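Read the structure below first, then the notes.
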Amino acid sequence: MSILAELKSRLSGPLGKLVEDPAELLEMVRPSQDPKFGDYQANFAMPLGKQLGRPPRDVAAEIVAGLDVGDLCEPPEIAGPGFINLRVKDDRLVDRLAEAAVDPRLGVPEVESPRRFVIDFSAPNVAKPMHVGHIRSTVIGDALCRLFRFLGHEVTSDNHIGDWGTQFGMILYGYRNFRDPSAYDAAPVAELARLYRLVRQLMDYHEGKAQLPQLGERLEQREAALADQLAAAGDTPDKKTAKALRKAENDLTESRKEIEQLEAKLAAVEADPVLSKMAIEHAGIGEAVLAETAKLHAGDAENRRLWEEFLPHCLDEINRVYGRLNVTFDHTLGESFYQDRLAATVDDLIKRGIATTSDGAICVFLEGQNVPMLIRKQDGAFLYATTDLATLGYRMETFQPDAILYVVDHRQAMHFEHLFATARLMGMEGVRLEHVSFGTVLGGDGRPFKTRSGDTVGLEGLLDEAVRRAATIVAENDDAKPKGAELSAEERAAIAERVGIAALKYADLSQNRTSDYVFSYDKMLAMNGNTATYMQYAYARVRSIFAKGDVDVEALRAAPPAIDLSTPAERALGLAILRFGEALDLAALDYRPNQLTAYLFDLAACYSTFFEQCPVLKAPTDALRQSRLLLCDLTARVIRKGLELLGIEVVERM
RNA sequence: GCGCCCGUAGCUCAACGGAUAGAGCAACGGACUUCUAAUCCGUAGGUUGCAGGUUCGAGUCCUGCCGGGCGCGCCA
């Protein structure tokens, strides 16, 4: 039991004499914001006083009088309007640290009633390279899997990949028309990626060409609209008019930018003799790609064979990236897996009167929703809502989960509202369905992050850049060591890979997941402040102490020495170590890894202060040296475990 | 037009209805013959978009307004 849980349990006695159900009030026991208010504070006397019609301080006094915490805390203090401030006795901190030292779980208990989770995350389209938009789902989803598993829950992770869509029509078309056989034999993944990009480029060219007149027209309309509005507004427009004017101006700028980018793209193709020849020869590429896709879906033997040939290569490609990110899945059941369940899913919904026909499409109309959820198009094709429903059904049958978490972009919020509402209509009551949404990665202009030419940013390039920057810093730091450089070129490279990828992941995880964030290399790859590097550095410094002092860590852990918390830095560090479990609970509560990063940053900061103020190897007495060594080791273990739960690795030296 | 999300220090962001709203970066001033200075200690920086309301207590909940983002039937 954590200290917090124990305090709640002790407080529930006296609280139970005043109210029937103290559970809600006990939620108001929490860590103090300021050390001068003790380690923990109980805030329930104020609402309780109101409820009982008594002065809150009297209520607090009555609770404190009936409270048996003499063995655990210093005498509780009542402050302000009725806060009860609790300071844990150093003796008890010492006991608990000794317990944590011999516990592989570092004193964090497993949950009493484990739940079964399915976590759906990452879900790239596998026929094309992963891009910046996949980072958040992948990194947050993986962290949640690790966190819930560690807490004792049963977790099934499932990567719902896009392996059945138009992208495969594109590769099929590319393979048929542009394949370089020797390149394909030598490196199929790279060749397929090239084919995808080529077909994409040609399709974009023709689509753009067709779109240009419309865009031009819209630009003219917008110019005219703005001119009209300006004329009508006069010299002193009211607020509403001014707002409309701003919007018109923005629309116009957007139109201009759009056309400019498109023209540049078209010009790039036309300037390239090979590409422009291809573009002319494959004028009908858009329809042809759709036809290839349709043939695949209709069961065409040759397209099916090629799809089966391509898919493993596509999986190799994404798995290579997952390998670098240190992310794994229990299942990778993509769209294709559910194809033969779609028709039955729709039929079932019709039969049960949940879905109806409207304008030739099959729809589920939902209470309080302006638009229905479409599950079959007029032309008979299924939609992603259909696949998601079929997937949900399969997961319920196969995994019987208590909860399914969808770690998906917030822009799909309405889709999930529809999906979950339909699931309830279908009678799926026992499962908790959660859209764990996250904000968009934006560029410096506040728009979704794109390269200067308007393309999405590749994920691998991002990883490479992170590692490149880390390598520079690793080298600089090693060169600057007091006794000269210590690391070989190979060690430096391995450290840079871990440090760089850690920085990238941590930048994402430390952000409140619900807000958009502005991407910047400098920020994402920063190596100081609240970053993975700071934690990795703290860890490496601990390890360095053990190496320098030639300390037998196993022996230290097996027979933990008495810990001395007499200086503020030592006490603060000890308390921080014991709060690991609280941080994990808080992170799990709202699926927010940033609660864990915030904790780890606080822990590492406590350690850095301790490191400055408390000599370990040269401690004044051997007893103190042993005590401090154990604090160091516990810190390192919590940092390593905490980072591990975020999917981030430590390094022994850096 | 309708719906959802957001607005906190110069910048990027934290803050599970609780006390004097916290960090990092940037700025300024200190600390390396001493276990890794990727560090530490300190200074400065705020009408939490605005106006009401609920509450013993509001950045947090409610209403309105201002500003921004996203979404809105046959893409995923």
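Here is how names work: the chains are called A, B, and so on, in the same order as the sequence lines, proteins then strands, and each is numbered from 1. None of the values given here were measured: they were computed from a predicted structure.
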May I ask you to say what A:Pro47 touches in the nucleic acid, namely base, sugar-phosphate or nothing, with a heavy-atom cut-off under 4.0 Å?
base

Would you kindly check if the NZ (Lys) or CZ (Arg) of A:Arg498 is within the cone defined by 45 degrees around the ring axis of A:Tyr539 and under 6.0 Å from the six-membered ring centre?
no

Quick one: is B:rA37 close enough that its OP1 or OP2 comes under 4.0 Å of any side-chain N or O from A:Lys481?
no

Just to confirm, is there a sub-4.0 Å distance from OP1 or OP2 of B:rC70 to any side-chain nitrogen or oxygen of A:Thr440?
no

With sequence neighbours excluded, residues passing side chain to side chain donor-acceptor pair (under 3.5 Å) with A:Asp516:
none

Hey, does the side chain of A:Tyr537 come within less than 4.0 Å of B:rA38's phosphate (OP1/OP2), counting only N and O?
yes

Taking the same atom, P, in B:rG45 and in B:rU33, what whole-Å distance lies between them?
33 Å

A:Phe601 stacking on B:rA23: centroids under 5.5 Å, ring planes under 30°?
no

Would you say a side-chain N or O of A:Tyr534 is under 4.0 Å from OP1 or OP2 of B:rC40?
yes

Stacking between A:Phe83 and B:rA19, defined as ring centres under 5.5 angstrom apart with planes under 30°, is that present or not?
yes

Choosing from B:rG73, B:rU36, B:rA38, which nucleotide comes nearest the side chain of A:Cys363?
B:rG73

Determine, for A:Asp478 against A:Lys481, whether the closest basic-nitrogen to carboxylate-oxygen distance falls under 4.0 angstrom.
yes

Just N and O in the side chain of A:Ser544: are any of them under 4.0 Å from OP1 or OP2 of B:rC35?
no

Please work out if A:Ala381 contacts a base, only the sugar-phosphate, or nothing of the nucleic acid, heavy-atom cut-off 4.0 Å.
nothing

Does a salt bridge link A:Arg54 with A:Glu62, judged by any charged N lying under 4.0 Å from a carboxylate O?
yes

Ignoring backbone atoms, test whether A:Arg30 places a side-chain nitrogen or oxygen under 4.0 Å from the OP1 or OP2 oxygen of B:rG18.
yes

Which dot-bracket string fits RNA chain B when only Watson-Crick or G-U wobble pairs with both atom distances under 3.5 Å count, crossing pairs get [ ], and | stands for a partner on a different strand?
(((((((..((((....[...)))).(((((.......))))).....(((((..]....))))))))))))....

Could you tell me whether the side chain of A:Ser137 and the main chain of A:Val407 form a donor-acceptor pair under 3.5 Å?
yes

Of all the choices, B:rC35, B:rA38, B:rA76, which nucleotide is nearest to the side chain of A:Val616 once you look at every atom?
B:rC35

If you check every side-chain atom of A:Lys483, which of B:rA38, B:rC35, B:rA19 has the closest atom?
B:rC35

salt_bridge(A:Arg628, A:Asp633) N-O dist < 4.0 Å
no

Given B:rC16, B:rU20, B:rA19, which nucleotide is nearest the side-chain atoms of A:Pro31?
B:rC16

When the distance from CD of A:Glu612 to C1' of B:rC41 is rounded to whole Å, what number comes out?
9 Å

Side chain of A:Leu374: nearest nucleotide among B:rG73, B:rA37, B:rC75?
B:rG73

Below 4.0 angstrom from OP1 or OP2 of B:rG24, is there any side-chain N or O of A:Asn530?
no

Among B:rC74, B:rC35, B:rG18, which is the nearest nucleotide to the side chain of A:Leu617?
B:rC35

Using the test side chain to side chain donor-acceptor pair (under 3.5 Å), find all partners of A:Arg87 that sit at least two apart in sequence or belong to another chain.
none

Ignoring the backbone of A:Ser515, work out which of B:rC16, B:rC13, B:rG71 is nearest its side chain.
B:rC13

